[in-house]
Amino acid sequence: MDDKEIIADILKRGNSKGYATIMKRYAGLVYSRALGVMKSDDWAREITQQTFVRAYQRLNSWRGEALGAWLSAIAMHLAISNLDKARRRRAEPLEKGANAVAEPEYSDEHEQRLQLMQKAIDQLPEQDRQIIAMHYFDNMKTDSIAARLNLSQSNVLVKLHRIREKLRKELQNEDNE
């Protein structure tokens with residue numbers, strides 16, 4: 001029997017044994033297509049199985065063209081779809097992207113350093129505290145800080161450098177004590 005006769009028999013009489021013949025006839029072709037995309041024996045077998053299930057569910061949509069080509073198209077679609085799903089699962093969530101800052105694990109030492117930093121910032125003159133707050137907490141750029149404080153951008157850059165040096169020295173002094 002040719003493919004058209006077998007498919008007609010399956011659709012008219014529900015002869016699932018005929019489908020076993022189709023599976024035997026095209027399993028190698030479908031498997032090789034899936035293996036070419038998936039590059040994994042286990043995945044290729046899974047795609048082959050999914051292909052025959054999907055094809056059986058949609059046999060009434062087969063238009064009588066070459067059955068091997070139709071099954072191959074289903075296999076390729078399933079293989080590519082599975083690869084896309086795997087890539088999306090491996091992709092990092094947006095909040096963990098390349099620009100995200102990794103949060104350190106909590107420790108008493110880290111907490112003490114943060115408290116020392118806050119204490120050192122609190123001891124800065126008012127304008128220096130404002131510059132630090134705008135730059136690091138409000139994520140403002142130096143030109144925006146300069147405009148808000150009626151300073152030049154180069155003045156803000158110099159002040160930021162000096163403030164960071166002052167804070168670094170203050171923290172080093174605390175570490176040495």
Side-chain angles (χ1 to χ4, degrees), residues 29-58 61 69-177:
L29 173 69
V30 170
Y31 172 80
S32 67
R33 294 283 192 251
L35 184 61
V37 173
M38 302 303 291
K39 309 292 189 224
S40 163
D41 182 60
D42 290 337
W43 275 106
R45 280 188 266 156
E46 177 67 26
I47 296 299
T48 301
Q49 183 177 5
Q50 288 177 16
T51 298
F52 285 112
V53 169
R54 173 89 40 100
Y56 187 79
Q57 293 169 339
R58 297 179 180 172
S61 69
W70 186 64
L71 292 169
S72 291
I74 293 171
M76 294 298 288
H77 175 74
L78 288 169
I80 291 168
S81 177
N82 276 292
L83 281 177
D84 286 344
K85 286 177 188 174
R87 282 187 195 116
R88 283 193 300 271
R89 273 187 244 121
R90 285 192 309 260
E92 292 183 46
L94 291 176
E95 61 272 3
K96 296 289 184 185
N99 294 330
V101 177
E103 292 191 27
E105 291 187 31
Y106 177 82
S107 70
D108 287 336
E109 180 181 325
H110 183 71
E111 184 66 29
Q112 288 172 348
R113 298 260 319 145
L114 288 173
Q115 288 174 359
L116 288 173
M117 176 65 80
Q118 187 60 54
K119 181 181 171 187
I121 291 171
D122 289 343
Q123 293 173 357
L124 292 172
E126 177 63 28
Q127 189 179 53
D128 291 355
R129 283 197 311 271
Q130 286 178 333
I131 291 171
I132 289 292
M134 285 187 252
H135 187 68
Y136 289 106
F137 301 121
D138 299 335
N139 293 319
M140 290 176 66
K141 296 188 185 269
T142 55
D143 58 341
S144 300
I145 296 170
R148 174 133 347 135
L149 297 177
N150 293 321
L151 299 169
S152 68
Q153 185 176 5
S154 59
N155 194 339
V156 171
L157 288 168
V158 169
K159 284 183 172 287
L160 270 171
H161 175 72
R162 289 180 181 161
I163 294 166
R164 284 190 290 249
E165 286 299 313
K166 188 174 187 177
L167 291 172
R168 186 178 295 116
K169 286 178 185 175
E170 185 66 32
L171 290 174
Q172 284 175 348
N173 289 341
E174 291 289 335
D175 285 343
N176 292 334
E177 290 178 4

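In this structure, CD in Gln50 is found 7.5 Å from CH2 in Trp43, a value given to the nearest 0.5 Å. Atom CZ of Arg148 sits about 12.5 Å away from atom CD1 of Ile131, to the nearest 0.5 Å. To the nearest 0.5 Å, atom OG1 of residue Thr142 and atom CG of residue Leu157 are 4.5 Å apart. In this structure, CG on Leu78 lies 5.5 Å from CD1 on Ile47, to the nearest 0.5 angstrom. Put simply, CZ on Phe52 and CD1 on Ile74 are 9.5 Å apart, with the number rounded to the nearest 0.5 Å. Separating the CD atom in Gln153 from the CG atom in Asn155 is a distance of 11.0 Å, to the nearest 0.5 Å.
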Cut-off 3.5 Å, no hydrogens considered: what does the side-chain donor-acceptor table look like for residues 121-130, sequence neighbours left out?
unit_1: Asp122; atom_1: OD1; unit_2: Gln118; atom_2: NE2; d: 2.9
unit_1: Glu126; atom_1: OE1; unit_2: Arg129; atom_2: NH2; d: 2.5
unit_1: Gln127; atom_1: OE1; unit_2: Lys159; atom_2: NZ; d: 3.3
unit_1: Arg129; atom_1: NH1; unit_2: Asp122; atom_2: O; d: 3.4
unit_1: Arg129; atom_1: NH1; unit_2: Leu124; atom_2: O; d: 2.5

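In terms of heavy-atom proximity, Ala75 sits nearest to Thr51 at CA-OG1, 3.2 Å. Between Val37 and Ala79, the shortest heavy-atom distance links the atoms CG1-CB, 3.6 Å. The shortest non-hydrogen separation linking Gly36 to Lys39 is O-NZ, 2.6 Å. Contact record, Tyr136 with Arg164: OH-NH1, 2.7 Å, taken as the closest heavy-atom pair.
Under the 4.0 Å criterion applied to side-chain N and carboxylate O atoms, Glu165 and Arg168 are assigned as salt-bridge partners.
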Can Arg54 and His77 be said to form a side-chain contact (heavy atoms from CB on, under 4.5 Å), step by step?
-> CA-CA 11 Å; Arg54 173 89 40 100; His77 175 74; 4.2 Å; yes
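In this structure, the side chains of Met134 and Leu149 come closer than 4.5 Å at one or more pairs of heavy atoms. Side-chain contact between Val53 and Gln57 is present, with at least one heavy-atom pair separated by less than 4.5 Å.
Within a 6.0 Å sphere centred on CZ of Arg162, heavy atoms belonging to other residues, nucleotides or ligands number 12 at most.
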